K.L.:
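First, the structure itself, so that you have it in front of you.
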Amino acid sequence: MNYWLMKSEPDVYGITNLEQQGKTVWDGVRNYQARNFMRQMQPEDLVFFYHSNTKTPGIVGLMRVVKTDIIDPTQFDLKSEYYDPKSTLNSPRWQTVLVEFVEAFANCISISVLRGKFDADELILLRKGNRLSVMPIVEDVAVKILAMKGNSLNIEPLSIE
DNA sequence: GCCAACGTTGGC
DNA sequence: GCCAACGTTGGC
């Protein structure tokens with residue numbers, strides 16, 4: 001079982017949306033490195049849900065991989081902003097995963113708190129200029145993050161959105 | 001294959 | 001809103 005982190009802008013799709021829906025196909029990833037990490041995912045893997053591009057960016061919850069190797073349907077959808085004219089039905093470029101909601105943390109573990117706890121070597125998220133939206137988390141770090149989720153000393157309140 | 005120009009990401 | 005860092009595009 002492996003751990004991952006995936007980013008989403010809460011204005012577009014946040015942890016609340018996933019909680020309501022229960023499951024979602026993580027569509028719209030158009031970066032090869034991120035896609036390649038999703039190809040490595042296995043059912044039962046745990047994924048931290050990260051809110052990016054918001055007042056308090058950080059980890060807000062947990063989800064679980066249900067099904068892998070899903071063809072991202074938006075690549076064929078002319079009306080989608082993720083439509084990819086170079087993708088064909090015979091050889092689709094973009095695969096993704098189906099994930100299910102596990103939990104929403106009581107508080108956001110903000111990137112500044114994560115910076116205080118980990119360094120860039122152990123957490124890709126913290127690397128300078130990092131823009132990757134899907135990344136692996138080593139177990140040691142994942143366990144520490146999970147231990148932080150209930151510790152009010154280490155967290156900041158979720159901003160009201 | 002190089003690389004400048006451009007568009008996007010995302011923290012601050 | 002700013003802007004550094006990054007990925008992609010396309011001319012050559």
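All values reported here derive from a predicted model rather than from experimental measurement. Convention: sequence-line order gives letters A, B, ...; per-chain numbering from 1.
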K.L.:
With a 4.5 Å limit on heavy-atom distance, are the side chains of A:W4 and A:N2 in contact?
P.N.:
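Heavy-atom side-chain distance check passes, below 4.5 Å.
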K.L.:
Can you identify which nucleotide, out of B:dG10, B:dG11, C:dG7, has its nearest atom closest to the A:P57 side chain?
P.N.:
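Of the options given, the side chain of A:P57 lies nearest B:dG11.
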K.L.:
Nearest whole Å is fine: how far is C:dG7 P from A:N36 CG?
P.N.:
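After rounding, the reported distance stands at 13 Å.
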K.L.:
Measure CG/A:N31 against C1'/C:dG7 and give the value in whole Å, please.
P.N.:
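Rounded to the whole Å, the gap is 7 Å.
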K.L.:
Mind calculating the distance between CZ (A:R93) and P (C:dG7) to the nearest angstrom?
P.N.:
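Rounded to whole Å, this separation is 16 Å.
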K.L.:
Please classify the nucleic acid contact of A:R127 as base, sugar-phosphate, or nothing, using heavy-atom distances under 4.0 Å.
P.N.:
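Nothing: the residue A:R127, judged by heavy atoms under 4.0 Å, touches no strand.
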K.L.:
Please give, in whole Å, the distance from C:dG7 C1' to A:Q33 CD?
P.N.:
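Between C1' of C:dG7 and CD of A:Q33: 10 Å.
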K.L.:
Roughly, in whole Å, what's the span from CE in A:M6 to P in B:dT9?
P.N.:
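Going from CE in A:M6 over to P in B:dT9 covers 17 Å.
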K.L.:
Does a nitrogen or oxygen in the side chain of A:K7 sit under 4.0 Å from OP1 or OP2 of B:dG10?
P.N.:
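Checking A:K7 against B:dG10: at least one side-chain N or O falls below 4.0 Å of OP1 or OP2.
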K.L.:
Can you check the A:K86 NZ to C:dT8 P distance for me, whole Å?
P.N.:
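Distance check: A:K86 NZ to C:dT8 P gives 10 Å.
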K.L.:
Rounded to whole Å, please give me the gap between CG in A:N53 and P in C:dA4.
P.N.:
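That distance rounds to 17 Å.
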K.L.:
Any heavy-atom pair between the side chains of A:R93 and A:R30 that's under 4.5 Å?
P.N.:
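A side-chain contact under 4.5 Å is absent here.
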K.L.:
Could you please name the option among C:dG7, B:dG10, C:dT8 that lies closest to any side-chain atom of A:Y32?
P.N.:
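It is C:dT8.
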K.L.:
Nearest whole Å is fine: how far is B:dG10 C1' from A:K55 NZ?
P.N.:
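Result: 17 Å.
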K.L.:
Less than 4.5 Å apart, any side-chain heavy atom of A:Q42 and any of A:V65?
P.N.:
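A:Q42 does not reach A:V65 side chain to side chain.
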K.L.:
Heavy atoms from C-beta onward define the side chain here; which of B:dG10, C:dG7, B:dC12 lies closest to that of A:R115?
P.N.:
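Given the options B:dG10, C:dG7, B:dC12, the side chain of A:R115 is closest to B:dC12.
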K.L.:
Where the side chain of A:K128 is concerned, which of C:dA5, C:dT8, B:dG10 is the nearest nucleotide?
P.N.:
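Nucleotide nearest to A:K128's side chain: C:dA5.
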K.L.:
Within less than 4.0 Å of OP1 or OP2 of B:dT9, is there a side-chain N or O belonging to A:Y50?
P.N.:
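Checking B:dT9 against A:Y50, no side-chain N or O comes under 4.0 Å of OP1 or OP2.
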K.L.:
I need the minimum non-hydrogen distance between A:W94 and A:N31, along with the two atoms involved.
P.N.:
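Between these two residues, the closest heavy atoms are CZ3-N, 3.6 Å.
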K.L.:
Find the distance between CE (A:M135) and CG (A:L125) and round it off to the nearest 0.5 Å.
P.N.:
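It is 5.0 Å, given to the nearest 0.5 Å.
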